[in-house]
Protein chains: 2
Amino acid sequence: MYLYALLNYMFSQSEENYLKAIFHLQQNANGGISTSSISEKLTTKAASVTEMIKKLAEKNLVDYQKYYGVQLTETGRKHALLIIRKHRLWEFFLVKRLNFNWDEVHDVAEQLEHIKSPKLVEELDIFLGRPEYDPHGDPIPDANGNLPKAPKKRLSGLKKGDHAICKGFNDNSSSFLQFLDKQNIGLNTKIEVIGIESFDETMTILVNSNTILLSKTATDNIYVEH
Amino acid sequence: MYLYALLNYMFSQSEENYLKAIFHLQQNANGGISTSSISEKLTTKAASVTEMIKKLAEKNLVDYQKYYGVQLTETGRKHALLIIRKHRLWEFFLVKRLNFNWDEVHDVAEQLEHIKSPKLVEELDIFLGRPEYDPHGDPIPDANGNLPKAPKKRLSGLKKGDHAICKGFNDNSSSFLQFLDKQNIGLNTKIEVIGIESFDETMTILVNSNTILLSKTATDNIYVEH
DNA sequence: ATAAATTATTAGGCAAACCTAATAATTTAT
DNA sequence: ATAAATTATTAGGTTTGCCTAATAATTTAT
Ligand SMILES: [Mn+2]
Ligand SMILES: [Mn+2]
Ligand SMILES: [Mn+2]
Ligand SMILES: [Mn+2]
């Protein structure tokens, strides 16, 4: 597709990182994305964000209204999804083919997602068997930017006696992923809720016949299918 | 290895491209590498080269004597070899795993060679079965920067009646590689010299029972084992 | 040996992507 | 409704890596 090829060579790494950040911020927000939230996500200063936002608006990747934040245009959204597609395909590759652990792949994928080659993305996708989810359970957009949107439910929403399967995480940080490793919780792990403390919502669950305690913070960050 | 890890995160893409260019220029030259040759190889202006060279000298990657060109230091050479290792491993990956043709991989490898992750290089190498040669017949340096140095002989040096096996090319440009494809000449192709025109050294060779004519320019650019 | 031609360096600028400090607009509190 | 606090923008720098034009050193030709 011609548009795709064009899109693919047009933007700098920095611009791509802004698009991705705005896309992710839009997932849990309605209305314009604030300068400060972008600045926090990218650990840059607000002044730099304003500057970049103007450039992105110039290129029709975002709609920008001074003092009222930005929103991705359709073009901006498509390109953000392409970067996310590449990020997640590479993470899958690293874990499933190169023996990386799931807590080691993010930083490398942050680099690989900027490699510009439409053929590479397509062939990698084929090579990997067109995976639908990355190693953290996050959906991989297809070549047209379509996301298999499975509505996610938090483990913290379950009740005593409920059975569930772990399907993803809100927090993909190495430290949380390593914690999950220690508790033997991974993608598609079967879980049973044994009990919930009334005073702080600490949850007792059963994982592979082991009893484990999880804080409310932890259970909030675990998505399940129920 | 600590030195390796340090090296691996220290240099910009631009600096790495200079190191690689200088390394390749040193292969066919003795003494200092001239500013103009680097400028030509990287298609930048001489003034930019002088500037960058000073920075590389500052970082002890090259020895630089004003007006007499540069030479890589041991550290510079090690790092150049790491970039070349990555470049060639990725080319191998693209051709052998992702169905790229050998004339399509160079530009993508130019991007991939700058990805910074020692683990990625090592795991990729293992995944690919520790290949010794890239798809163009160029040797892949090992993790310590050692190159399997097979002395290369030009096809143009052979005589009527000689048999040989194609082992590499001096020119890795898409156009030359595509020309070779058309003539059914690839790595390890068996060749027999049928005759050589005395006036322009055009060579008649036998490839898979087909008779082919190759210009002196072409036979100069084909390396053989004999 | 000197002049001409070639090659390299320096000087001075520019664009991208950051920054800090100063100012302006909006939002929240009184 | 006004003042205070918060958030965003603008103004003015910095660094990296590139450029052109001017100058300097080296090499080649006479
Ligand atoms: Mn990630
Ligand atoms: Mn992920
Ligand atoms: Mn190459
Ligand atoms: Mn190659």
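Below, chain A is the first sequence line, B the second, and so on; all start at residue 1. Given the structure is predicted, the values throughout are model-derived calculations rather than measurements.
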Can a side chain N or O of [X] be found less than 4.0 Å away from OP1 or OP2 on [N]?
X        : N       : answer
Lys45(A) : dT20(C) : yes
Ser36(B) : dT6(C)  : no
Ser48(A) : dC19(C) : yes

State which residue, out of His114(B), His106(B), His24(B), fulfils the ring-ring contact (aromatic ring centres under 6.0 Å, His included) condition with His87(B).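 Output: one option passes, namely His106(B).
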Yes or no on salt bridge (Lys or Arg N to Asp or Glu O under 4.0 Å) for Arg130(A) and Glu122(A), after CA distance, side-chain angles and deciding distance? CA-CA 9 Å; Arg130(A) 301 214 182 273; Glu122(A) 176 63 10; 2.8 Å; yes
Quick one: are the ring centres of Phe179(B) and Phe169(B) less than 6.0 Å apart? no
From C-beta outward on Ala47(B), which listed nucleotide comes closest to its side chain: dA11(C), dA11(D), dA8(D)? dA11(C)
Checking contacts here: which listed nucleotide (dT7(C), dA21(D), dA8(D)) is nearest the side-chain heavy atoms of Ser34(A)? dA8(D)
Identify whether any heavy atom of [X] sits under 4.0 Å from a base atom; if not, whether one sits that close to sugar-phosphate; answer base, sugar-phosphate or nothing.
X        : value
Thr44(B) : sugar-phosphate
Ser14(A) : sugar-phosphate
Thr35(A) : sugar-phosphate

Length of the [atom1]-[atom2] vector between [X] and [N], whole Å:
X        : N       : atom1 : atom2 : answer
Gln65(A) : dA8(D)  : CD    : C1'   : 13 Å
Glu15(A) : dA16(C) : CD    : C1'   : 9 Å
Lys54(B) : dT16(D) : NZ    : P     : 15 Å
Leu42(A) : dC18(C) : CG    : C1'   : 12 Å
Tyr18(A) : dC18(C) : OH    : P     : 5 Å
Glu51(A) : dT9(D)  : CD    : P     : 12 Å
Tyr64(B) : dT7(C)  : OH    : P     : 16 Å
Tyr68(A) : dT7(D)  : OH    : C1'   : 12 Å

Using Watson-Crick or G-U wobble geometry with both distances under 3.5 Å, which nucleotide pairs with [N]?
N       : result
dA24(C) : dT7(D)
dC18(D) : dG13(C)
dC18(C) : dG13(D)
dA1(D)  : dT30(C)

Can you tell if the side chain of Ile33(A) reaches within under 4.5 Å of the side chain of Gln26(A), non-hydrogen atoms only? yes
Quick one: on DNA chain C, does Tyr67(A) or Thr43(A) contact a more 5' nucleotide (nearest heavy atom)? Thr43(A)
Which of Asp138(B), Asp125(B), Asp142(B), Asp134(B) passes salt bridge (Lys or Arg N to Asp or Glu O under 4.0 Å) with Arg85(B)? It is Asp125(B)
Intermediate values then yes/no, side-chain contact (heavy atoms from CB on, under 4.5 Å), Val49(A) and Leu42(A): CA-CA 9 Å; Val49(A) 173; Leu42(A) 295 176; 5.7 Å; no
